[in-house]
**Q** 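Below: one structure in structure tokens.
Atoms within a ligand are numbered from 1 in the order they appear, just like the ligands themselves.
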Amino acid sequence: MRPLPVFPPGFRWGTATASYQIEGSVRADGRGASIWDTFCAEPGRVKNGDTGETACDHYRRWPEDVALMDGLGVGAYRFSVAWPRVQPDGRGPANAKGLDFYERLVDALLERGIAPFLTLYHWDLPQALEDLGGWTDRDTAHRFADYAALVADRLGDRVTAWITLNEPFVHMSEGYSLGSHAPGRALLLDALPAAHHLLLGHGLAVRALRGRVTGDIMLTNNYSPVLPATGDPADRAAADAFDALQNRLFTDPVLLGRYPDLTAYGVTGLPFVRDGDLALIASPIDGLGVNYYSPTRIAAPAQAPSHQGPSVLGEVGDRIQEAGLPFQDTPIEGHPVTAFGWPVVPDALHTLLTGLRDDYGAALPPITITENGCSSHDEPGRPDDDRVAYLDAHLRALHRAITDGVDVRGYFVWSLLDNFEWAEGYSQRFGLVHVDFETQERTPKASYHWLRAQLESQP
Ligand code: IFM
């Protein structure tokens, strides 16, 4: 094993998961229905008809999972709270049993010296709120802030970091724009109000959390550095248009207090933005969560769908093109690909981090890598050497970015466990720990043992 370079003292090492992807027990202790329960029940929505009904049975097996983290030697764990466990209908008083579950988890983590990083919203909206319009309805933002306050009132004295939203871009684009995730709405650009209300919910939650919590308050976005397919001005313009949507839509309003230029989409005004909204959205945060998996290569749109081969957007890319959006994704060649077909380009993590620093300057708070990892064709007994190579190369790229002056405070592997990978069901495995979904047996993979050995030589 080639030791990793030494990271700064106090650097946090962790693993990440999300409620619907691991918990199961979807009717236990008064939990209400989420949009993912509804979506999974609709034929054809999720590969193989998979659902999160049992997932990794973490709701019952969490002590075993905490022990696995302890054995790995990580000092932090990022998990999410299922809103429908806390407010089964998305409003009203807290369901005490739902909060009890997260309190037991947080206390067990703290007993083992593992810092809890709590995400309030990783896409499992209470179905009752979706029935009223979901994130396209402004009221959902206010309901989200109420929910944030309930969780903070129970756990505000113990949680190390509060992440309001996970990857709002993916939630808006796949859930409301293209319909490939819950709630399955295909509104295309009419999904922009959902983007604004997610941002407003973030801002209102930040205000609700301040004064109630002792930990840091953060937002997690997913970023994909955009490579123009060629130097042609049309490809460059398409790349800029995609960048505005993928990378800037949920960052500029938070850090700069303004929306990026969306004129390439024919958007010249945002009538749903009210006076004072942007000031709320730009409420100061203590850290930015960065999820990184791979870059995207973008060309000017062609006349007909032409998705061919591995790309980040996959079939969704075809739908974007059919919708007449001003870009098309094209394969990135010359790199290995993950089981998902995503290109493995570790240097793009360095590009991303130095780019964030250069673009946002003093407005950029300290960064934590809240997700990074890969899916692999895992089977028990087959060492996941491809995952080891992925993690090793990305951690070296991250270390270079830190050496080059980017303030990055931590790194979370996605994911601790193989889990429910949304529309892909259980077909994509991201875990450091293999899960047999028939027996729920957990088996640490080679990557788990590799990371444990690496962490022994970190400060
Ligand atoms: O599994 C997801 C996670 O929920 C959000 N970020 C990307 C991961 C891999 O697709």
**Q** Does a side-chain N-to-carboxylate-O contact under 4.0 Å join Asp100 and Arg154?
**A** yes
**Q** Checking ring pair (Phe, Tyr, Trp, His ring centres under 6.0 Å) for the pair Phe39/Trp123: CA distance, chi angles, key distance, verdict?
**A** CA-CA 12 Å; Phe39 189 77; Trp123 310 345; over 10 Å; no
**Q** Can you find an N or O of Glu167 that's nearer than 3.5 Å to an N or O of ligand 1?
**A** yes
**Q** Strictly below 4.0 Å, N to O, side chains only: are Arg185 and Glu130 in salt-bridge contact?
**A** yes
**Q** With a cutoff of 4.0 Å, is Trp342 in contact with ligand 1, counting heavy atoms of the residue only?
**A** yes
**Q** Parallel, tilted or perpendicular: which one describes the rings of Phe7 and Trp13, with boundaries at 30° and 60°?
**A** perpendicular
**Q** Quick one: which ligand 1 atoms are inside 4.0 Å of a heavy atom on Phe430?
**A** 9 (C), 10 (O)
**Q** Looking only at protein heavy atoms, which one is nearest to atom 10 (O) of ligand 1, and what is the separation?
**A** Glu421 OE2, 2.6 Å
**Q** Contact between His122 and ligand 1, counting heavy atoms under 4.0 Å?
**A** yes
**Q** Ignoring angles and geometry beyond distance, decide whether Gln21 reaches within less than 3.5 Å of ligand 1 through its nitrogen or oxygen atoms.
**A** yes
**Q** Give the contacting part of Glu371 toward ligand 1: side chain, backbone, both or neither, where contact means a heavy-atom distance below 4.0 Å.
**A** side chain
**Q** Would Asp124 and Arg31 pass as an ion pair if we require N to O under 4.0 Å?
**A** no
**Q** Just by distance, with hydrogens left out, do Asp37 and Gln127 show a side-chain donor and acceptor under 3.5 Å apart?
**A** no
